[in-house]
**Student:** 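Pasting a structure here, questions to come.
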Amino acid sequence: MIKITLPDNSVREYNEAISGYEIAKNISHGLAKEVLSITVNDEVWDLQRPITYDAKIKLHKWDDEEGKHAFWHSSAHLMAEAMEALYPGIKLGIGPSIENGFYYDVDLGEERVITDADFPKIEAKMKELAQQKNEYKRREVAKQEALDFYNKKGNEYKVELITELEDGTITLYEQGNFTDLCRGPHLPSTEKIKAIKILSVAGAYWRGDEKRKQLTRVYGITFPKQKMLEEYLVLIEEAKKRDHRKIGKELELFTFSQKVGQGLPLWLPKGAELRERLENFLKKIQKRYGYQQVISPHIGLKELWVTSGHYEKYGKDSFQPISTPTEGEEFLLKPMNCPHHCEIYKYKPHSYKDLPVRYAEFGTVYRYEQSGELHGLTRVRGFTQDDAHIFCRPDQLKDEFKKVMDIVFIIFNALDFKNFTAQVSLRDPEDKTKYIGSDENWEKSESAILEAVDEKDLKYNIEYGEAAFYGPKLDFMVKDALGRQWQLGTIQVDYNLPERFELEYVGADNKKHRPVMIHRAPFGSMERFVAVLIEHTAGKFPLWLTPDQVVVLPISEKHNDYAEKVLNFLNNCDIRTLIDDRNEKIGKKIRDNELKRIPYLLIVGQKEVDSETVSVRVQGDGDKGSMKLKEFADLINKEVKAQTEAYKIN
RNA sequence: GCCGAUGUAGCUCAGUUGGUCAGAGCAGCUGAUUUGUAAUCAGCAGGUCGGGGGUUCGAAUCCCUCCAUCGGCUCCA
């Protein structure tokens with residue numbers, strides 16, 4: 001008798017071994033049609049694998065990660081089969097499922113390349129193979145058998161993988177004429193794979209090691225329905241339209257210059273205005289939370305970074321020191337603001353009563369990122385952190401953490417990031433030697449973070465081994481309007497710098513104690529945040545933030561004087577207003593300004609002149625009729641107030 | 001940094017068996033028009049075809065090299 005416990009704790013009993021697929025069929029035919037994989041006692045299995053003992057199970061459909069994983073992993077095998085058929089003699093590396101789809105790394109051998117032009121061929125072959133409805137068959141094999149199989153094939157990659165596996169745990173999967181070393185799980189058959197798209201091709205090092213051979217990585221995605229593929233492709237198109245590099249150019253927010261250097265953004269007037277508004281917004285919040293603004297220079301003596309330990313760790317891969325005409329003097333461009341802030345902390349002795357001390361600075365830093373790594377505003381070589389360092393007593397850590405989280409929440413709410421989660425990065429429990437600071441301190445701070453996120457009711461996941469060497473951290477991820485995930489703000493505990501800079505405060509016991517330091521940047525960096533904001537809003541920023549709020553469009557030159565009056569009136573009401581008095585037809589002016597994503601367009605002609613009104617048009621939403629000028633100004637101010645008041649932005 | 005692709009006017013892009021191939025649209029300027037809710041018409045101007053070197057009678061086009069951008073990999077204090 002085998003007892004199968006379902007997620008709702010109901011129990012089904014079977015007389016003999018039974019597969020996940022049979023269980024699903026038992027429950028309902030509809031379910032059996034949709035189910036893709038099964039979790040058996042915390043292990044994900046193939047549906048057709050017999051369960052021979054009592055188990056807790058969960059059946060996975062497309063909507064579950066586990067279901068998609070099996071689907072895409074099976075698709076990777078299908079693609080490998082197709083590629084083996086099309087390119088005889090290729091050697092397969094690894095081929096996992098990823099967040100959106102799957103890839104396979106292959107060694108094509110000398111003088112063979114795959115380009116975009118080959119994609120249709122691969123897709124067609126995959127479709128042909130999928131339609132054969134081949135079963136994915138799992139087979140447990142002895143290590144020697146697996147080694148023999150791949151040695152005979154001359155595939156050194158698989159041989160290397162197998163060598164590292166333990167005998168008795170090795171499985172092969174077969175479908176059609178294709179065999180692959182694989183842990184599974186897989187779909188019952190290729191039949192379910194209906195819609196196929198090869199997405200891209202790129203190079204990737206074998207096992208991610210840049211000293212080893214570079215393989216060809218082919219990316220693809222598949223779906224159980226053609227319609228789902230089409231929707232996915234639409235989403236990709238939409239993402240392309242929202243690319244911050246494209247919108248940044250269209251809206252004249254920022255640019256790059258080859259002459260200035262790669263990865264060094266130039267903020268244009270509109271972008272600078274937007275950024276400044278964001279900075280002022282955060283400054284105001286920080287003031288409420290007891291932060292003090294400080295300012296520090298862009299360079300510092302090399303010695304500063306030797307003290308902090310960063311020179312040893314990153315010196316070789318950073319911008320190299322700046323030498324002065326006097327021999328022996330070396331300065332570094334600052335890659336971070338912390339050491340400067342530590343020195344600010346040290347300008348006078350601190351009492352335990354003074355803590356926490358919170359120094360904030362929009363500090364511009366320079367990091368030598370590898371050239372291939374640069375990307376728009378999200379990865380640059382010069383950027384401005386919305387940085388602050390909190391120096392506090394160990395017993396204040398949790399409270400300070402919660403306060404920083406409040407600031408992060410205010411920002412996310414004000415900018416309409418409704419969907420966010422956090423990642424708590426803790427020590428690797430297996431190896432505690434690579435971290436600096438006492439066990440006791442680590443335990444205290446890790447539990448402080450965990451208590452803080454619990455008390456703030458934040459959705460989070462824990463990553464062990466992801467902590468920095470100097471302390472645990474909390475990172476915030478937001479989902480944008482297209483469901484893409486971005487990492488923004490960060491809060492990090494640091495035991496290293498207070499030690500290295502010998503920071504102190506005098507306790508109630510009149511003895512010297514070491515403060516704890518918190519690094520935090522709710523935006524992350526101004527560059528990255530603006531990039532994410534652009535992609536989130538598609539360039540349609542909230543009214544309070546957008547560089548230009550209103551544009552006045554006179555019907556003809558005869559109405560320019562009145563338009564000028566409207567312009568001045570609104571600007572006097574602190575409404576950021578432009579005028580478009582070009583000699584163009586009104587339709588043209590509307591089109592151009594709609595494309596500039598200015599939220600309100602005011603059309604003024606003879607009617608409006610006579611009645612002292614404006615005709616209001618909302619960006620993307622058409623004509624709203626006319627109203628008195630004063631009435632319009634009140635409307636705008638009310639809307640801005642509604643957006644800002646909840647967070648006391650202004 | 002590595003693999004692959006790309007680089008033509010401010011923007012988007014045509015233009016390769018090497019020979020009126022230096023083009024178009026938008027933006028800009030000038031003029032006409034004086035306009036009522038997403039593109040008025042005409043004219044003008046604008047590029048050492050990413051930089052440098054080479055092959056050739058002749059190079060945007062072929063080769064080498066450097067730079068930058070894009071897609072990945074690796075990396076991200």
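All figures in this text were calculated on a predicted structure; none of them were measured in a lab. Proteins come first, then strands; the chains are lettered A, B, ... in the order of their sequence lines, and each starts at number 1.
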**Student:** Where the side chain of A:Glu612 meets the backbone of A:Lys628, is there a donor-acceptor pair that is under 3.5 Å apart?
**Tutor:**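 Checking the backbone N and O of A:Lys628 against the side chain of A:Glu612, no donor-acceptor pair under 3.5 Å is found.
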
**Student:** Return yes if some donor-acceptor pair links the side-chain N/O of A:Glu400 with the main-chain N/O of A:Leu397 below 3.5 Å, else return no.
**Tutor:**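 A pair under 3.5 Å: no.
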
**Student:** What about A:Tyr205, does its side chain sit under 3.5 Å from the base of B:rG72 through a donor-acceptor pair?
**Tutor:**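 Flag unset: no donor-acceptor pair detected.
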
**Student:** What pairs of donor and acceptor atoms, side-chain ones from residues 311-320 of chain A against any protein atom, are under 3.5 angstrom apart with sequence neighbours left out?
**Tutor:**
from, atom 1, to, atom 2, distance (Å)
A:Ser318, OG, A:Tyr314, O, 2.7
A:Gln320, NE2, A:Gly315, O, 3.1
A:Gln320, NE2, A:Ser318, O, 2.8

**Student:** Side-chain donor or acceptor of A:Arg217 under 3.5 Å from a matching atom on the base of B:rC3?
**Tutor:**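 Counting by modelled atom types and ignoring angles, no donor-acceptor contact under 3.5 Å is found here.
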
**Student:** So how far is it from A:Ile221 CD1 to A:Lys197 NZ, rounded to the nearest 0.5 Å?
**Tutor:**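 Result: 11.5 Å between the selected atoms.
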
**Student:** Looking at A:Arg379 and B:rC75, is any side-chain donor or acceptor paired with a base atom of the opposite kind under 3.5 Å?
**Tutor:**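 Indeed, a donor on one side and an acceptor on the other fall under 3.5 Å apart.
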
**Student:** I want to check a possible cation-pi pair here: A:Arg381 against A:Tyr368, using under 6.0 Å from ring centre and within 45° of the ring axis as the test.
**Tutor:**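 Yes, A:Arg381 sits over the ring of A:Tyr368.
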
**Student:** Please work out which residues in residues 604-617 of chain A have a non-hydrogen atom less than 4.0 Å from an atom of RNA chain B and list them by number.
**Tutor:**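 Only A:Gly605, A:Gln606, A:Lys607, A:Glu608, A:Ser615, A:Arg617 qualify.
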
**Student:** With a 4.0 Å cut-off, would you call A:Lys241 and A:Glu238 a salt bridge?
**Tutor:**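 So A:Lys241 pairs with A:Glu238 through a salt bridge.
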
**Student:** Without decimals, in angstroms, what is the distance between A:Lys589 NZ and B:rU40 C1'?
**Tutor:**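 Rounded to whole Å, this separation is 13 Å.
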
**Student:** Let me spell it out: for each of A:Asp317 and A:Val201, pick the nucleotide of RNA chain B with the closest heavy atom. Which residue's pick is nearer the 5' end?
**Tutor:**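 Residue closer to the 5' terminus by nearest nucleotide: A:Val201.
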
**Student:** Taking ring pair (Phe, Tyr, Trp, His ring centres under 6.0 Å) as the definition, give me every residue that meets it alongside A:His73, ordered by chain and number, with sequence neighbours left out.
**Tutor:**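 Here the qualifying residues are A:His69, A:His77, A:His186.
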
**Student:** Return no unless some side-chain N or O of A:Lys334 is found under 4.0 Å from OP1 or OP2 of B:rA77.
**Tutor:**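 So the side-chain polar atoms of A:Lys334 never come under 4.0 Å of the phosphate oxygens OP1 or OP2 of B:rA77.
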
**Student:** Is the phosphate of B:rC2 approached by A:Gln214 (side-chain N or O, under 4.0 Å from OP1 or OP2)?
**Tutor:**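 Checking A:Gln214 against B:rC2: no side-chain N or O falls below 4.0 Å of OP1 or OP2.
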
**Student:** Give the nucleotide from the list B:rC73, B:rA77, B:rU35 with an atom nearest to the side chain of A:Tyr219.
**Tutor:**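 Out of B:rC73, B:rA77, B:rU35, the nucleotide with an atom closest to A:Tyr219's side chain is B:rC73.
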
**Student:** Can you tell me which nucleotide in B:rC76, B:rU35, B:rG72 comes closest to the side chain of A:Ala202?
**Tutor:**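 That would be B:rG72.
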
**Student:** Measure from the side chain of A:Lys585, starting at C-beta and using heavy atoms only, and say which of B:rU37, B:rC76, B:rU35 lies closest.
**Tutor:**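 Of the candidates, B:rU35 comes closest.
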
**Student:** Using the side-chain heavy atoms of A:Arg582, tell me which of these nucleotides is nearest: B:rG28, B:rU34, B:rC26.
**Tutor:**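 Nearest to the side chain of A:Arg582 among the choices is B:rG28.
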
**Student:** Please confirm whether any donor atom in the side chain of A:Glu594 sits under 3.5 Å from an acceptor in the base of B:rA38, or the reverse.
**Tutor:**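 Side chain to base: pair found, below 3.5 Å.
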
**Student:** Between B:rU69, B:rC75, B:rU35, which nucleotide gets closest to the side-chain atoms of A:Lys558?
**Tutor:**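 For A:Lys558, the side-chain atoms sit closest to B:rU35.
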
**Student:** Select one nucleotide: of B:rC3, B:rU35, B:rC70, the one nearest the side-chain heavy atoms of A:Arg245.
**Tutor:**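 Of the candidates, B:rC70 comes closest.
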
**Student:** Distance check: side-chain N/O of A:Lys246 vs OP1/OP2 of B:rU69, anything under 4.0 Å?
**Tutor:**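 No.
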
**Student:** Without decimals, in angstroms, what is the distance between A:Phe119 CZ and B:rG71 P?
**Tutor:**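 To the nearest whole Å, that distance equals 15 Å.
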
**Student:** Closest nucleotide of RNA chain B for A:Tyr366 versus for A:Asp621: which of these residues is on the 5' side?
**Tutor:**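 Closest to the 5' end, via its nearest nucleotide, is A:Asp621.
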
**Student:** Using a cut-off of strictly less than 4.0 Å, decide whether A:Ser371 has a side-chain nitrogen or oxygen near OP1 or OP2 of B:rG1.
**Tutor:**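 Answer yes for this pair, as a side-chain N or O of A:Ser371 is under 4.0 Å from OP1 or OP2.
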
**Student:** Using the six-membered base ring of B:rA77, report whether A:Tyr314 stacks on it, requiring centroids under 5.5 Å and planes under 30° apart.
**Tutor:**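 So A:Tyr314 counts as stacking on the base.
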
**Student:** So, does A:His559 get its side chain near the phosphate of B:rG36, meaning an N or O under 4.0 Å from OP1 or OP2?
**Tutor:**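 Answer no for this pair, as no side-chain N or O of A:His559 is under 4.0 Å from OP1 or OP2.
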
